Amino acid sequence: MKNLKMYEPQDKMITLIKDNYSVLQALGSFGINLGFGDKTVAETCEMNGVDTYTFLAVVNFTINDFTNYDDDERISVPTLLHYLEASHAYYLDFQLPFIRRELQESISEGNQLGQLIMKFYDEYAQEIRRHMKYEEKTLFPYVQSLLDNQPANDYNIEMFSKHHESTDKKLRELKLMIIKYLPANAHLNNLLTATLYDIYNNEEWLRQHAEVEDHIFTPAIRRLERQTKQNDVTKNISTMVFKGGQDGGEVLSERERDVIVSVVQGMQNKEIADHLCISINTVITHRRNIARKLQIHSPAGLTIYAIVNGLVDISSVKL
């Protein structure tokens, strides 16, 4: 049952926990330690170096499915990245081994069906580990490269989003097998019931984890990608204006500048060759070098470059 309360920075952190004990699991992933007394959410987050707005976005989403963050620039990507990395560590290093120990203790010695269920659990654990390790090796470093303004060119968030599938199907299947087919005596039955309770909780945790990635993290990375592209455009324009459009120290030759002016004047390759008394192949080579140096491939782009850098007067250009 949903709480239907939207928590705000001035609410007491202890009130949030009393209302929703499931938030306890999220605290550690955000890097928030217990012992916060009667401090507000904002005070507790500030004390632990956590962005309050992002913390509440995740909390209000997981509690009440509230999501309206597609274009919300206040979401802190570094905070989300730390939260997801720590969530992985919590699940892989603590929860998976913990549930395995519980399950092992709940199975009577010599129970062959129980051993098959243990094998099934190990296969599930391997699958979830593979899924999370992929994100740690591919997605998270990519996001960090965006934050460092050095994005990888062979990856984007859409590649992750298209292949991001739920990983809790086997957990649901395991739960049903235990309930339907694993007999136990009174003592083992109590252990098995406690184990099932933890499996149910972790099934819900995995669902929320995946939805935070889909509905908060992925939109935030899309915004970061757009911002990075805009910054690249601004950088390229600034380079053209203040450095003559040269990148990496490669300076246009006089002949390459002549070719640009000819292109701006509307000449085709043969006309340029005749005008400059060079071969068509040489013209093509010059244009290829110009495109590589300036990262400009269209006549319109070369026209803007020529005007900005004083190669032609704007009044002489047919607009």
Side-chain angles (χ1 to χ4, degrees), residues 6-9 23 25-32 41-42 44-46 48-91 131-167 205-241 247 295-296 301:
M6 291 295 296
Y7 292 92
E8 299 180 353
V23 174
Q25 285 184 312
L27 293 182
S29 295
F30 275 108
I32 296 176
V41 171
T44 304
C45 287
E46 183 178 356
N48 289 275
V50 177
D51 181 71
T52 303
Y53 185 84
T54 306
F55 171 79
L56 284 174
V58 173
V59 166
N60 285 318
F61 173 70
T62 55
I63 291 175
N64 291 315
D65 293 335
F66 175 81
T67 175
N68 188 26
Y69 305 111
D70 285 354
D71 296 309
D72 195 337
E73 297 181 354
R74 292 173 292 177
I75 294 291
S76 167
V77 173
T79 298
L80 278 179
L81 184 58
H82 177 273
Y83 166 76
L84 292 175
E85 289 174 331
S87 294
H88 281 200
Y90 164 79
Y91 198 78
H131 172 88
M132 290 187 173
K133 289 299 181 182
Y134 163 79
E135 293 183 7
E136 293 173 7
K137 292 180 179 179
T138 306
L139 175 63
F140 295 167
Y142 168 70
V143 173
Q144 188 59 56
S145 75
L146 287 174
L147 293 171
D148 295 337
N149 292 317
Q150 295 178 339
N153 295 323
D154 57 348
Y155 194 79
N156 59 58
I157 194 62
E158 294 308 321
M159 296 172 65
F160 164 74
S161 184
K162 288 177 182 177
H163 298 92
H164 189 219
E165 300 177 352
S166 174
T167 56
W205 183 93
L206 279 173
R207 182 191 68 80
Q208 291 179 351
H209 177 80
E211 291 189 350
V212 167
E213 288 185 324
D214 289 339
H215 297 287
I216 301 181
F217 187 62
T218 296
I221 305 311
R222 287 196 186 103
R223 290 193 302 274
L224 190 56
E225 287 177 336
R226 290 196 299 267
Q227 180 182 340
T228 300
K229 289 179 181 178
Q230 290 169 356
N231 290 343
D232 286 344
V233 171
T234 302
K235 179 181 178 181
N236 289 338
I237 292 175
S238 298
T239 299
M240 289 171 58
V241 173
D247 188 17
Q295 292 300 301
I296 299 174

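Predicted, not measured: the structure shown is a model, and the values here were computed from it.
- Summarising the geometry, atom CD belonging to Q150 is positioned 10.0 Å from atom CD belonging to Q144; distances are rounded to the nearest 0.5 Å.
- Taking E8 as the reference, nothing meets the salt bridge (charged side-chain N to carboxylate O under 4.0 Å, His left out) condition, with sequence neighbours excluded.
- For T52, there are no side chain to side chain donor-acceptor pair (under 3.5 Å) partners, not counting sequence neighbours.
- When atom types are taken as modelled, the side chain of T218 and the backbone of E213 share a donor-acceptor pair closer than 3.5 angstrom.
- Legend: residues meeting ring-ring contact (aromatic ring centres under 6.0 Å, His included) with Y134, ordered by chain and number and at least two apart, are absent.
- Smallest separation of non-hydrogen atoms from V143 and L224: O-CD2, 4.4 Å.
- Scanning all heavy atoms of the two residues, the minimum distance from L206 to Y91 falls at CD1-OH, 3.5 Å.
- Here the straight-line distance linking atom CG of L56 with atom CG of D51 works out to 9.0 Å at 0.5 Å rounding.
- Residues I75 and A220 approach most closely at CG2-CB, 4.1 Å, considering heavy atoms.
- Not counting sequence neighbours, the partners of Y90 by the side chain to side chain donor-acceptor pair (under 3.5 Å) test are Q25, Q95.
- Annotation: salt bridge (charged side-chain N to carboxylate O under 4.0 Å, His left out) contacts involving residues 134-145, sequence neighbours excluded, comprise K133-E136.
- With sequence neighbours left out, E211 forms a salt bridge (charged side-chain N to carboxylate O under 4.0 Å, His left out) with R207.
- Here the side chains of F217 and L139 are in contact, with some heavy-atom distance below 4.5 Å.
- With hydrogens and angles ignored, the 3.5 Å screen pairs a side-chain donor or acceptor of N60 with a backbone N or O of Y7.
- With a 6.0 Å radius and a threshold of 12 heavy atoms from other residues, nucleotides or ligands, E46 has its CD atom at or below the threshold.
- In this structure, the separation between CG on L146 and OH on Y155 is 11.0 Å, given to the nearest 0.5 Å.
- Contact record, R222 with I157: CG-CG2, 3.6 Å, taken as the closest heavy-atom pair.
- In terms of modelled atom types and a separation under 3.5 Å, the side chain of N156 and the main chain of E158 share a donor-acceptor contact.
- Put simply, the side chain of V212 does not reach to within 4.5 Å of the side chain of H209, judged on heavy atoms.
- H88 is listed as a side-chain neighbour of F140, based on a closest heavy-atom distance under 4.5 Å.
- Legend: residues meeting side chain to side chain contact (heavy atoms under 4.5 Å, CB included) with N48, ordered by chain and number and at least two apart, are I32, N33, T44, V50.
- Using cut-offs of 30° and 60° for the angle between ring planes, the F30 and F55 rings count as perpendicular.
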Atom pairs and distances, side-chain donor-acceptor, residues 76-84, under 3.5 Å, sequence neighbours left out:
unit_1	atom_1	unit_2	atom_2	d
S76	OG	T79	N	3.2
S76	OG	T79	OG1	3.0
H82	ND1	S29	O	3.3

